[in-house]
Amino acid sequence: MILAFHKPHGVLSQFTPDGSPNRTLAEFGFPKNVYPIGRLDADSEGLLLLSDEAGLNTRLLDPDHGHRRCYWAQVERIPTPEALAQLAAGVTIQGYRTRPCRAWLLDPQPDVAPRDPPIRVRKNVSDCWIALELTEGKNRQVRRMTAAIGHPTLRLLRVQISAMELGDLLSGDWRELESEERVLLFNKN
């Protein structure tokens, strides 16, 4: 079984508390014996897959398998085409050079439901949503990449893993994937 979950802000990608004030996956009524496939930081939101099938972490998340993950990042200021090209070419974060990726300004800007708690707003600093499509997932990678080009991330939402999209799944809701969606999930296109 594979489940798609829209992880809210402030929720750990684990079932056991870590001593922080963050909530855990135990609060969402998942079937027994499922575990998260990969992670999203507590302050990130969006598509998180869970499964009771061994080996899916490697099949879906190992960069050598090339499965795409698409993120929407709300960043400070509007990046120039040159800044987006820097992201796409790969940037150095914590001594590591990120793999090339796709990076673009979302146009039109998405209408994303407000977050609780809301992001910080600065009167004199504009913000916008960009998209990044990665085939790797280092710890806090998107946030570090946008900061490296001078556009700190204010809000981060994973909207797609492989061909599986978050779609209209509401924050805090989950559902089991249908057989056709499982096929799409393992398709690298």
Side-chain angles (χ1 to χ4, degrees), residues 2-7 9 11-14 35-51 53-110 112 119 127-167 169 177 181-189:
I2 301 177
L3 308 175
F5 174 52
H6 185 155
K7 188 189 89 59
H9 177 271
V11 174
L12 299 170
S13 293
Q14 61 192 45
Y35 63 93
I37 301 171
R39 304 181 57 80
L40 275 177
D41 296 327
D43 54 354
S44 298
E45 310 162 68
L47 183 59
L48 180 67
L49 300 176
L50 295 98
S51 181
E53 300 172 33
L56 292 186
N57 261 338
T58 301
R59 278 182 71 192
L60 283 173
L61 302 180
D62 188 312
D64 292 336
H65 292 280
H67 290 284
R68 301 173 288 119
R69 291 178 287 284
C70 186
Y71 299 85
W72 289 354
Q74 187 177 16
V75 298
E76 285 188 355
R77 297 179 307 288
I78 300 171
T80 63
E82 293 78 20
L84 293 171
Q86 270 186 287
L87 282 176
V91 295
T92 301
I93 54 174
Q94 296 188 311
Y96 170 79
R97 182 83 179 168
T98 62
R99 290 180 177 216
C101 68
R102 288 185 58 221
W104 66 98
L105 183 68
L106 289 168
D107 185 21
Q109 291 284 284
V112 179
I119 63 163
D127 62 66
C128 72
W129 287 93
I130 64 171
L132 288 104
E133 187 177 272
L134 310 176
T135 57
E136 63 182 342
K138 302 288 184 194
N139 184 37
R140 300 185 69 79
Q141 181 171 343
V142 171
R143 292 177 189 281
R144 290 182 172 136
M145 288 175 72
T146 63
I149 63 156
H151 294 276
T153 294
L154 302 169
R155 187 173 179 191
L156 184 61
L157 181 69
R158 182 163 53 198
V159 295
Q160 188 173 354
I161 298 172
S162 195
M164 179 66 208
E165 295 183 0
L166 180 62
L169 194 60
L177 298 191
E181 292 173 311
R182 287 179 61 98
V183 170
L184 285 175
L185 186 60
F186 294 103
N187 183 354
K188 293 182 189 179
N189 294 328

Short N-O contact, Asp43 and Arg143, less than 4.0 angstrom
yes

Is the backbone of Glu53 close enough, under 3.5 Å, to the side chain of Tyr35 for a donor and an acceptor to pair up by distance?
yes

Heavy atoms only: give me the nearest Ile37-Ser51 pair and the separation to one decimal.
CD1-CB, 3.7 Å

If you round to the nearest 0.5 Å, how far is CG of Asp107 from CD1 of Ile130?
14.0 Å

Looking at Trp129, is its backbone amide N or carbonyl O close enough to the side chain of Gln109 to form a donor-acceptor pair, meaning the two atoms are under 3.5 Å apart?
yes

Arg158 side-chain N/O to Leu47 backbone N/O, donor-acceptor pair under 3.5 Å:
yes

What closest approach, in Å, do Cys101 and Met145 show between heavy atoms, and which atom pair accounts for it?
SG-CE, 3.9 Å

If you compare all heavy atoms of Pro152 against all heavy atoms of Thr146, which two are closest, and at what distance to 0.1 Å?
C-OG1, 4.0 Å

Evaluate the side chain to side chain contact (heavy atoms under 4.5 Å, CB included) criterion for residues Arg97 and Thr92: first the C-alpha distance (whole Å), next the side-chain angles of each, then the deciding distance (0.1 Å), finally the verdict.
CA-CA 4 Å; Arg97 182 83 179 168; Thr92 301; 3.5 Å; yes

Before giving the answer on side chain to side chain contact (heavy atoms under 4.5 Å, CB included), spell out for Trp72 and Arg155 the whole-Å C-alpha distance, their side-chain angles and the decisive distance to 0.1 Å.
CA-CA 8 Å; Trp72 289 354; Arg155 187 173 179 191; over 6 Å; no

Roughly how far apart are Leu156 CG and His9 NE2, rounded to 0.5 Å?
10.5 Å

Go through it in stages, so that I can follow the logic: the residues are Gln74 and Leu157, the test is side chain to side chain contact (heavy atoms under 4.5 Å, CB included), and I'd like the CA-CA distance, side-chain angles, deciding distance and then a yes or no.
CA-CA 9 Å; Gln74 187 177 16; Leu157 181 69; over 6 Å; no

Is Arg39 reaching over with its side chain to a backbone N or O of Gln14, donor-acceptor style, under 3.5 angstrom?
no

Measure the CD1-CG distance between Ile149 and Leu87 for me, rounded to the nearest 0.5 Å.
3.5 Å

In Å and rounded to the nearest 0.5 Å, what is the CG to NZ distance from Leu166 to Lys7?
12.0 Å

Determine whether Leu185 and Leu49 satisfy the following criterion, side chain to side chain contact (heavy atoms under 4.5 Å, CB included), listing intermediate values before the conclusion.
CA-CA 10 Å; Leu185 186 60; Leu49 300 176; 3.7 Å; yes

Side chain Glu136, main chain Arg99, donor-acceptor under 3.5 Å:
yes

Minimum heavy-atom separation for Leu106 and Ala131, please, with both atom names.
CD2-CB, 3.8 Å

Roughly how far apart are Leu154 CG and Cys128 SG, rounded to 0.5 Å?
9.5 Å

As a test of understanding, state which of Asp41, Leu132, Thr98, Val75 forms a side chain to side chain contact (heavy atoms under 4.5 Å, CB included) with Val142.
Leu132

Please report the interatomic distance CZ(Arg68) to CD1(Ile161), rounded to the nearest 0.5 Å.
11.5 Å

